[in-house]
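So you know, we letter chains A, B, ... as the sequences are listed, proteins then strands, and number each from 1.
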2 protein chains.
Amino acid sequence: MKFGGTSVADLDRIRAVAERVRIERDKGHQVAVVVSAMAGVTNRMVGYCHSLDPVADPREYDAVVASGEQVTSGLTAIALQKLGVAARSWQGWQIPLRTDDAHGKARIDAVEGAALIAAMEAGEVPVIAGFQGIAPDGRISTLGRGGSDTSAVAVAAAVRADRCDIYTDVDGIYTTDPRIVKKARKLERVAFEEMLELASVGAKVLQTRSVGLALKEKVRVRVLSSFEPETERCGSLVVDEDEIMENEVVTGIAYSTDEPKISIRDIPDRPGIAAAIFTPLARAHVNVDMIVQSTGADGMTNLTFTVGKADRARALDVLEACREDISYGELQTADDVVKISVVGIGMRSHTGIASTMFQTLADRGINVQVISTSEIKISVLIDSEYTELAMRALHTAYGLDAV
Amino acid sequence: MKFGGTSVADLDRIRAVAERVRIERDKGHQVAVVVSAMAGVTNRMVGYCHSLDPVADPREYDAVVASGEQVTSGLTAIALQKLGVAARSWQGWQIPLRTDDAHGKARIDAVEGAALIAAMEAGEVPVIAGFQGIAPDGRISTLGRGGSDTSAVAVAAAVRADRCDIYTDVDGIYTTDPRIVKKARKLERVAFEEMLELASVGAKVLQTRSVGLALKEKVRVRVLSSFEPETERCGSLVVDEDEIMENEVVTGIAYSTDEPKISIRDIPDRPGIAAAIFTPLARAHVNVDMIVQSTGADGMTNLTFTVGKADRARALDVLEACREDISYGELQTADDVVKISVVGIGMRSHTGIASTMFQTLADRGINVQVISTSEIKISVLIDSEYTELAMRALHTAYGLDAV
């Protein structure tokens, strides 16, 4: 059972978390708990570090920032004991949860489950400080923002848990963003691969890394709200696709406004021109996503692609630097675009998914600027003014509307 | 260099601490730093624990409360690095600083100095989280309130430091409380034994445990203010008595209002009566301090003694329980008393110290209720109304007044 920052935001909520754990334990389950820092604490600690030094030593940053989870793990253990549930806190270095040495954004190398399993078999609930581990240098490491989800999945794998329940402030995974599409429907089950695509394109319920780890370790993940009573069918399960009997063709629709478009116009079309552009971008660690090439007049070609918002300035620097080399015409950039993706395992065995998408958008007069596809996803780049219209239309077109 | 909670209360003060460390390092010294939690943080953490459970598991309490020093050690290391001083934080478990298993009020068993010495020889300043260590069970332990002073002395001993500088919010150790006696004088040097007596009777500059450890390990301690510029003669040195050339006969005058008086009247005087009273008190862990026995009329005796404020209720319970057994008359208790002590190594070789005390008090019409003496201390119990008058008179009588 993993509880995020809003679920342990104050002492009353920590008491409520303990009560939830007690109920699960009383059902006869062995339970391990992973907790985040109290909401706001991590930001305060990050603020302290960066005030002292914007490029603070990540090893010291980790020692400071990891203190938040240390506090909630101890407090949650106390709250459990108060309810008569044997419990103890575990810091990353005590388990140990071993990471690599990339302080501030460490990756988990191994979680030793033996001590946690022994504790549970002795009737004790381990309460694990999320987000942190111990690096090869013997110092505290943190997994980067949102890393507590990843901690939880890694611990679940290490103790061979039946399920990893992620308690958060939403009650599950929806077919799309309910703030935009009122008829969004909660999914009972989602396949790992679908969740990966949905998470990476903007459905921020679960950290992408945690889903990747869940897929690799085959850890069944349940997402549910810590603010609603637990019922038989609450939350959403993220599982192996084999566990989903009837795959929907399309499971969800995601969107992302974080990927500006860059267009290079009037490039003399010659062999190797794409490599001449994308190789220097890759060297500068610019992550290029959707790409379209179009031919203009008099043998010139145009290239349009999207990059992550954080990479845009660097991308433009790189392109300016090779302007003479490539002798292109104009360099344009636009923020007023949105990437809309339809995702579904069922696409593998169904056809016509893309044409439904294009037809639906065309019927509303929405122009598709760039298209990209993967085995279980189709994405289009459109004018951001049409975001809501497009999402609602697609939601209906793929039969996702709640009844 | 040890910095208390008010010295690291915010980021500006942490920057000032780093600057002080840099100056010492630039003088060519090897420096290790011990820090407390930011002022107020420990109280907040203690409050969290006790809100959840007034008798919270001390192991969890320790995990929660020790987070404060973890944060300041990391922040101070960042501030030092920002000034170009190589530095790293050390948690208790990383050094390791080993304690016994008395969580919440652990005693230090051993500090392994090797890693800290190696770091300093490599030009790095270790910044150690005070107040905490690792218990035999592999869990975080804390040394109890004020334990950071003890951490500092233990670390100083482990790295064979020339000196342990305790930075606090007063600029040294005074002959007496300057709030009461305006002519109080800062002492340049105090012997460990004197400091022990002064600390235990109420001069709360240094935690008594830390002075005891300094005496045992022969660690020279300097007490100085972190809010005043460092000069040649700033602060006070606590040293072995051999380092003090000319001992003053009386070094300081302390007072304590925390020890109420208990009187048992009209006890039938027979052999073994004192044992019949003090043995059950000792069994109940009541710490009895000053004792006087006086004979009343018709073969009856009276006993008066002082106990720590926290022990009073327990002491009265014990005495009520043996009332029939001893068949004493009345049981009285009084809060309006103060213990005033004159302390000085020089007493060992001088006479007339007590008579000066009694004469001085008698001249002011102050009645002495109880007297106790040790090799380097004379204490009297008087009516608390006379506290200031008595202290000022004694301060002058022993030639302690500043010129």
S.K.: Give, as side chain, backbone, both or neither, the part of B:Trp93 having an atom under 4.5 angstrom from any heavy atom of chain A.
M.R.: side chain
S.K.: Mind listing the closest non-hydrogen atom pair of A:Gln94 and B:Gly138 along with its distance?
M.R.: NE2-O, 3.3 Å
S.K.: Specify which of A:Ala66, A:Gly68, A:Cys49 makes the most heavy-atom pairs with chain B at under 4.5 Å.
M.R.: A:Cys49
S.K.: Mind checking the NZ-CG spacing from B:Lys82 to A:Asp57? Nearest 0.5 Å is all I need.
M.R.: 13.0 Å
S.K.: Considering only heavy atoms, which portion of B:Ile134 lies under 4.5 Å from any heavy atom of chain A: side chain, backbone, both, or neither?
M.R.: side chain
S.K.: To check you understand the geometry: which heavy-atom pair defines the closest contact between B:Tyr48 and A:Leu75, and what is its length?
M.R.: CB-CD2, 3.7 Å
S.K.: Is a side-chain N or O of B:Gln70 found less than 3.5 angstrom from the main chain of A:Ala63, in a donor-acceptor match?
M.R.: yes
S.K.: Counting only heavy atoms not in B:Asp162 (residues, nucleotides, ligands), do more than 12 fall under 6.0 Å from its CG?
M.R.: no
S.K.: State whether the number of non-hydrogen atoms from other residues, nucleotides or ligands found under 6.0 Å of A:Arg107 atom CZ is greater than 12.
M.R.: no
S.K.: To the nearest 0.5 angstrom, please state how far the OG1 atom of A:Thr76 sits from the CD atom of B:Glu60.
M.R.: 9.5 Å
S.K.: Identify the heavy atoms of A:Ala79 and B:Leu52 that sit nearest to each other, and give their distance.
M.R.: CB-CD2, 4.2 Å
S.K.: Where on B:Ala129 is there a heavy atom nearer than 4.5 Å to chain A: the side chain, the backbone, both, or neither?
M.R.: neither
S.K.: Do you know the tightest heavy-atom contact between A:Arg15 and B:Ser51?
M.R.: NH2-O, 3.3 Å
